[in-house]
Amino acid sequence: MINKLINKIEQLKAPIVVGLDPMLSYIPDHITKKAYAEFGENLKGVAEAIWQYNKDIIDATYDLIPAVKPQIAMYEQFGIEGMIAFQKTVDYCKEKDLVVIGDIKRGDIGSTSTAYAVGHLGGVKIGDKTFAGFNEDFVTVNPYLGSDGIHPFLDVCKEEKKGMFILVKTSNPSSGEFQDQLVDGRPLYELVGRKVAEWGEAHMGDSYSYIGAVVGATYPEMGKVLRRIMPKSYILVPGYGAQGGKASDLAPYFNKDGLGAIINSSRGIIAAYKQPQYQQFGETNFADASRQAVIDMKEDLYQSIFANK
Ligand SMILES: O=c1ccn([C@@H]2O[C@H](COP(=O)(O)O)[C@@H](O)[C@H]2O)c(=O)[nH]1
């Protein structure tokens, strides 16, 4: 799957992931009204609205982007109906040949991690048939339970030819409270980065490992160090746009081959129509605003990162 992700990034010249983080407040009235009329003003209605909103955004952007990152929490908050919308979104993105990164941030004791890995990347054998669970291509994984929480994901990724991005240095303001603490004189995120590189070496695609890392766009100095520590790991970079990460800071996340990082934007794309620069699209044409925001993001990254290389 890492080879497919890289091929698509190269083909589209777009190291971009669109984050599918639907919030009720982003969904235009015409979509919610229709969904409520059909399914009721309840969780089923909300889930239908989320699904229709996602579908319109996917239809408007899929030819420009290699990958999407549905954030499971945004679906989970609506219970089982939300999870059905999550599954429909994953399936539809795969129909459109997009690489799907499930932002699930799981990780637990070994046996529980196995269940997470099977549920999201693998399948369960019932009788003589295997049934896939959510069936994303990559997931995000929390490494802070240690390697026994990671190994089940490594095994399932190898078996299923899928991949994962391990949280190394997150983009949020308080990420340093634990992640920057010194261990033998070096910050904890470096220690985790070294482990990611080690796991990655044993799980290689053609040129990059299918074991990647999450490093926030909001910490570019740390991104530079981590790029060196994990030369063969793809870095998933959240924090661009809405969280203040700037394209001009992102060059160090890439390797000299122009690869090695993929930049996520969620609110900046899916709720673009709410931003002043895309106001002309209006609520009805929200998906066209998202398309324009992807085009602008691609240009922003190109000018800041690749134009002078
Ligand atoms: O360090 C991290 C890890 C994950 N995220 C997730 O990425 C998106 C960011 O959304 P924006 O709207 O582009 O800010 C969201 O799903 C986060 O849960 C992150 O931001 N930082």
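Read the numbers this way: they start at 1 and go in the same order the structure lists the ligands and their atoms.
The ring of Phe286 has its center closer than 6.0 angstrom to the ring center of Tyr53.
Each of Asp21, Lys69, Gln71, Asp103, Lys105, Thr170, Ser171, Val214, Pro238, Ala242, Gln243, Asn264, Ser265, Ser266, Arg267 has a non-hydrogen atom positioned under 4.0 Å from some atom of ligand 1.
With Met164 as the fixed residue, the side-chain contact (heavy atoms from CB on, under 4.5 Å) test singles out one of Asp137, Val139, Val156: Val139.
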Without placing hydrogens or testing angles, list every side-chain donor-acceptor pair under 3.5 Å for residues 66-79, not counting sequence neighbours.
unit_1, atom_1, unit_2, atom_2, d
Lys69, NZ, Asp103, OD2, 2.6
Gln71, OE1, Ala73, N, 3.2
Gln71, NE2, Asp103, OD2, 3.2
Tyr75, OH, Leu20, O, 3.0
Tyr75, OH, Asn54, ND2, 3.0
Glu76, OE2, Arg106, NH2, 2.8
Gln77, NE2, Met74, O, 3.2

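Under the rule for a side-chain contact (heavy atoms from CB on, under 4.5 Å), Asp128 has no partner lying at least two apart in sequence or in another chain. Residues passing the side-chain contact (heavy atoms from CB on, under 4.5 Å) test with Glu299 are Gln303, sequence neighbours excluded.
One side chain, Asp91 or Gln87, offers a donor N or O that lies under 3.5 Å from an acceptor on the other.
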